[in-house]
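Quick caveat: nothing in here was measured; it's all calculated off a predicted structure. All values below were derived from every heavy atom in this structure, side-chain atoms included, with hydrogens, water molecules and symmetry-related copies excluded.
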Amino acid sequence: MPIKSWVIPAIAMSMSLSAADPAYEKSILEYRKKIETTLKSDTGWLTVAGLYWLKPGNATVGSAPESDVVLPEGKAPKKVGVFHFDGKKVQLSVERGVSLQMNGKPFAKGVLGDDGNGRTADIASIGDLSLTVIERGGKYGIRLRDKSSKYRREFTHRSWFPVKAEYKVTGKFLPYATPKKLKVATVIDGVIEDHESPGEIAFALAGQQLKAQVLKGEEPNELWLIFRDRSSGKTTYPAARYLYGIQKPGNVVEFDFNKAYNPPCAFTPFATCPLPVRQNWLPIAIEAGELNYHTDK
């Protein structure tokens, strides 16, 4: 069935929802408040304060400036311990007398589980600091979080376009015969992430028929859209914006661009945010969702 026959009636239907409709606008504002609260939390992206890529062998960790993994001065001993990386596993040996916890329990030596393949990484903590092992396309690194990082202290607020109901779109999901395994570039040169794409979406917006490739979301029937548009680098974040949509029966999909948000790398330089494929550089300005950080409209 042609894309147009699927999408244009849905757009017309969504436009019947006035942007001033109280219930609809309230739901969008509550969503925006929720993700700002999450961003500012103890485990939010504003606490990510460092990222250290590992090479096979030993890497010292501590607040001493000569450490391989440097912790904030005054928040940890000069020598905390040593990471040993064998190319696949990361082991941490803690200096005698240093009080460090792993997942909330006292820890002296052992292997740290990483976050590869959707796993939950082990968390090594010392005071307000925590260390986890991340894996990105076969590269392993140590992510540092600091509950009082400068990014958290200096954060002001997220900024958004006004809610516009015409940006709530309904389209069609076009599944691949077999989901594609993708190597997706990130904002960090040389760092590639593994993702799975189940297919594409087709929809109409601003009078144009569009297609974009989506990634598999974390929840059942959830699709993840990473996109750029002609507002990128002007009023919105240059690298990309993210948006989750829902696949419904009959391969119908719903995406509300009023919920499009900035990736973590807009708020910390130590996030490994995936970038959109060239197909997802949309040829329109999507003036909905989140504005560039520190940009108001």
Side-chain donor or acceptor of Ser63 paired with backbone N/O of Pro77 under 3.5 Å: yes
Single-linkage hydrophobic cluster Val98~Val69, side-chain heavy atoms < 4.5 angstrom: yes
Any donor-acceptor pair under 3.5 Å from Arg32 side chain to Ser27 backbone: no
Shortest non-hydrogen separation from Ala239 to Val187 and the atoms involved: CB-CG1, 4.3 Å
Main-chain N/O of Asp114 paired with Asp122 side-chain donor or acceptor, under 3.5 Å: no
Crowding at CD, Glu73 (>12 non-hydrogen neighbours, <6.0 Å): no
Atom pair OG1/NZ of Thr43 and Lys147 - distance to nearest 0.5 Å: 9.0 Å
Pair Asp115 + Arg136, salt bridge at N-O below 4.0 Å: yes
Nearest-0.5 Å distance that lies between atom CG in Leu131 and atom CG in Leu100: 7.5 Å
Lys75 NZ: over 12 foreign heavy atoms closer than 6.0 Å: yes
Whether Trp224 and His195 hold their rings parallel, tilted or perpendicular, with breakpoints at 30° and 60°: perpendicular
Pairwise side-chain contact, Leu215 with Leu182, heavy-atom cut-off 4.5 Å (strictly under): yes
Nearest heavy-atom neighbours spanning Phe267 and Arg158: CE1-NH2, 3.6 Å
Salt bridge Asp42-Arg152, side-chain N to carboxylate O under 4.0 Å: yes
Shortest non-hydrogen separation from Pro238 to Asn292 and the atoms involved: CD-ND2, 3.9 Å
Main-chain N/O of Ile123 paired to Asn103 side chain as donor or acceptor, under 3.5 Å: yes
Verdict with supporting geometry, Ile126 and Val80, side-chain contact (heavy atoms from CB on, under 4.5 Å): CA-CA 9 Å; Ile126 181 167; Val80 169; 4.3 Å; yes
Separation of Tyr52 OH from Arg143 CZ (nearest 0.5 Å): 13.0 Å
Atom CZ of Arg119 with >12 non-hydrogen neighbours under 6.0 angstrom: yes
Ser231 and Thr236 side chains, donor-acceptor separation under 3.5 Å: yes
Atom pair CG/CG of Asn258 and Leu243 - distance to nearest 0.5 Å: 9.5 Å
Which atom of Cys265 lies closest to which atom of Cys273, heavy atoms considered: SG-SG, 2.8 Å
Hydrophobic cluster membership, Leu29 vs Tyr24, 4.5 Å side-chain cutoff: yes
Whether Asn280 side chain and Ile226 backbone form a donor-acceptor pair below 3.5 Å: yes
Ile284 and Leu210, any side-chain heavy atoms less than 4.5 Å apart: yes
Quiz item: cation-pi between Lys139 and Trp53, 6.0 Å / 45°: yes
Residue pair Asp256 / Tyr244, side-chain donor-acceptor N/O under 3.5 Å: no
Under 3.5 Å donor-acceptor, Thr38 side chain and Lys34 backbone: yes
Working for side-chain contact (heavy atoms from CB on, under 4.5 Å), residues Val133 and Val90: CA-CA 8 Å; Val133 180; Val90 179; 3.8 Å; yes
Test: Arg230 cationic atom under 6.0 Å from Trp281 six-membered ring centre, within 45° of axis: no
Residue Leu275 excluded, over 12 heavy atoms near CG under 6.0 Å: yes
Beyond-backbone contact of Gln101 with Phe107, side-chain heavy atoms, under 4.5 angstrom: no
Shared hydrophobic cluster, Met102 / Leu54 (ILVMFWY, side-chain heavy atoms < 4.5 Å): yes
N/O donor-acceptor pair under 3.5 Å between Lys164 side chain and Glu287 backbone: yes
Check: Trp160 main-chain N/O paired with Glu290 side-chain donor or acceptor under 3.5 Å: no
Within-4.5 Å side-chain heavy-atom neighbours: Leu223 and Pro198: yes
Nearest-0.5 Å distance that lies between atom CG in Leu46 and atom CG in Leu39: 3.5 Å
Ring centres under 6.0 angstrom apart (Phe227, Phe257): yes
Derivation of the salt bridge (charged side-chain N to carboxylate O under 4.0 Å, His left out) call for Asp229 and Arg241: CA-CA 9 Å; Asp229 64 273; Arg241 284 186 289 167; 3.0 Å; yes
Residue pair Leu144 / Leu71, side-chain heavy-atom distance below 4.5 Å: yes
Ring center gap for Tyr293 and Phe155 short of 6.0 angstrom: yes
Glu218, CD atom: more than 12 neighbouring heavy atoms under 6.0 Å: no
Criterion side-chain contact (heavy atoms from CB on, under 4.5 Å) on Ile246 and Val253, from CA distance to verdict: CA-CA 6 Å; Ile246 298 296; Val253 291; over 6 Å; no
Value rounded to 0.5 Å, distance of OH in Tyr261 from OH in Tyr31: 6.0 Å
N-O pairing of Lys79 and Glu95 below 4.0 Å: no
Lys181/Glu196 ion pair, N-O < 4.0 Å: yes
In one Ile/Leu/Val/Met/Phe/Trp/Tyr side-chain cluster, 4.5 Å: Val61, Val70: yes
Any Pro274 side-chain heavy atom under 4.5 Å of Tyr242 side chain: yes
Side chain proximity check, Phe255 to Leu225, heavy atoms < 4.5 angstrom: yes
Ring-face cation of Lys180 near Tyr176 (centre distance under 6.0 Å, axis angle within 45°): yes
hydrophobic_cluster_shared for Leu51 and Val191, side chain cutoff 4.5 Å: yes
Any side-chain heavy-atom pair of Val94 and Lys109 under 4.5 Å: no
Verdict with reasoning, Trp45 to Tyr151, per side-chain contact (heavy atoms from CB on, under 4.5 Å): CA-CA 9 Å; Trp45 283 101; Tyr151 309 109; over 6 Å; no
Over all atoms of both residues, closest heavy-atom pair of Asp194 and Gly137: OD2-CA, 3.8 Å
Exercise: identify the closest heavy-atom pair between Thr60 and Ser67: OG1-CA, 3.4 Å
Basic-acidic side-chain contact under 4.0 Å: Asp86, Lys89: yes
